[in-house]
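Worth knowing before you read on, the calculation uses all heavy atoms, side chains too, and leaves out hydrogens, waters and symmetry mates.
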Amino acid sequence: MAEELEIKGGPDAAVAAVRAVVRVSRLLERSLSELSLPHYRILAALSAGEEIASRVAARLALGRPAVSAAVAALAGRGLLVRVDVAGDQRAAALQLTGEGWAALARADGSMAAALREIADASGHPEQLLDTMGLLNDAVSRVYAGHRKTAVPAAKPAPAGKPAPARNPARAGKPAPAAKAAP
């Protein structure tokens, strides 16, 4: 009975789905032998055409420091390289190396095999895989919507000038005092 409740998630189908996605994520992560899941995600984003680290971070909903650390580790392993972007001295594009493409292909293969095993166990493998494709499309639309509504980070003020106020009505006024915690 406990197994049945865990699988069905109780009365809420969304809770059951959340639990299933978390469990599937862990099974997929365990199927990876040479990459961590975050490193896999970065290589997959690069293979899909993202080249600039900040865009990879936005696409994957990761912080720039996390992406920078992962990029450094992947570059250190020879799985990607940084190349200069023509016309922009500050930016560097990221590109998979031959070994990066090979590692991504191996990871794709092992995770696809793990997912096929799960799909086969459902009794409706084609339907499950089609539904996962729909889920991927929906996640992409949600991420795109979040990127459109995200507030851009404030740029640092030049030396000797006050930082611009986020709220134009507060321009030139000191920041309000922080409230004490209750």
Side-chain angles (χ1 to χ4, degrees), residues 2-9 13-85 91-148 150:
E3 180 74 15
E4 185 177 322
L5 288 176
E6 181 179 8
I7 292 171
K8 294 191 187 286
V15 170
V18 165
R19 291 177 183 177
V21 169
V22 169
R23 293 173 74 201
V24 167
S25 175
R26 184 64 185 132
L27 289 172
L28 294 177
E29 188 171 23
R30 285 183 185 163
S31 74
L32 294 172
S33 61
E34 62 185 299
L35 294 172
S36 67
L37 197 53
H39 287 184
Y40 169 81
R41 291 176 67 205
I42 289 172
L43 293 182
L46 293 175
S47 77
E50 295 295 348
E51 294 182 338
I52 307 298
S54 61
R55 290 190 202 140
V56 171
R59 177 184 172 133
L60 300 178
L62 295 171
R64 289 184 186 179
V67 170
S68 293
V71 164
L74 291 165
R77 292 178 54 195
L79 301 180
L80 62 82
V81 293
R82 293 178 180 97
V83 294
D84 292 334
V85 174
L94 305 172
Q95 294 179 348
L96 294 177
T97 63
E99 184 52 36
W101 283 104
L104 179 61
R106 289 187 296 272
D108 281 339
S110 66
M111 288 199 296
L115 188 57
R116 283 189 191 96
E117 181 181 359
I118 295 166
D120 289 344
S122 77
H124 307 283
E126 295 84 15
Q127 182 181 358
L128 184 84
L129 293 174
D130 288 345
T131 300
M132 295 299 290
L134 293 172
L135 179 63
N136 183 56
D137 294 344
V139 168
S140 294
R141 285 191 297 275
V142 168
Y143 275 154
H146 288 183
R147 282 195 301 264
K148 288 178 185 175

Hey, can you pull the donor-acceptor pairs under 3.5 Å for the side chains in residues 64-71, sequence neighbours left out?
{"residue": "Ser68", "atom": "OG", "partner": "Arg64", "partner atom": "O", "Å": "3.0"}

- prompt: Pick from Asp108, Leu104, Leu94: which one makes a side chain to side chain contact (heavy atoms under 4.5 Å, CB included) with Leu43?
  reply: Leu104

message: So, taking the atom named CD1 in Ile118 and the one named CG in Leu28, what distance separates them when rounded to the nearest 0.5 Å?
response: 5.5 Å

query: What pair of heavy atoms forms the shortest contact from Ser110 to Ser31, and how long is it?
result: OG-O, 3.3 Å

message: Let me confirm one number: the CG-CD1 distance from Leu46 to Ile52, rounded to the nearest 0.5 Å.
response: 10.0 Å

- request: Mind running side chain to side chain contact (heavy atoms under 4.5 Å, CB included) on His39 and Leu80 for me, showing each step along the way?
  value: CA-CA 11 Å; His39 287 184; Leu80 62 82; over 6 Å; no

message: For Tyr40 versus Leu35, what's the shortest heavy-atom pair and its separation?
response: CA-CD1, 4.2 Å

- prompt: Taking all atoms of both residues into account, what is the closest heavy-atom pair of Ser122 and Pro125, and its distance?
  reply: OG-N, 3.8 Å

- line: When every non-hydrogen atom of Leu96 is compared with those of Trp101, the smallest separation belongs to CB-NE1, 3.4 Å

message: As an exercise, state the distance from OG of Ser47 to CD of Gln95, rounded to the nearest 0.5 Å.
response: 13.0 Å

task: Measure the spacing between CD1 of Ile42 and CG of Leu79 and express it to the nearest 0.5 Å.
output: 11.5 Å

query: Are any non-hydrogen side-chain atoms of Arg19 and Val15 less than 4.5 angstrom apart?
result: yes

task: Drop me the distance from Glu126's CD to Asp120's CG, to the nearest 0.5 angstrom.
output: 8.0 Å

message: If I take atom CG from residue Leu27 and atom CZ from residue Arg23, how far apart are they, to the nearest 0.5 angstrom?
response: 7.5 Å

field: For Glu117, salt bridge (charged side-chain N to carboxylate O under 4.0 Å, His left out) partners two or more places apart
entry: none

- request: Would you check if Asn136 and Met132 make a side-chain contact, meaning some heavy-atom pair closer than 4.5 Å?
  value: no

Pairs flagged by salt bridge (charged side-chain N to carboxylate O under 4.0 Å, His left out) wherever residues 34-48 is involved - sequence neighbours left out: Glu34-Arg106

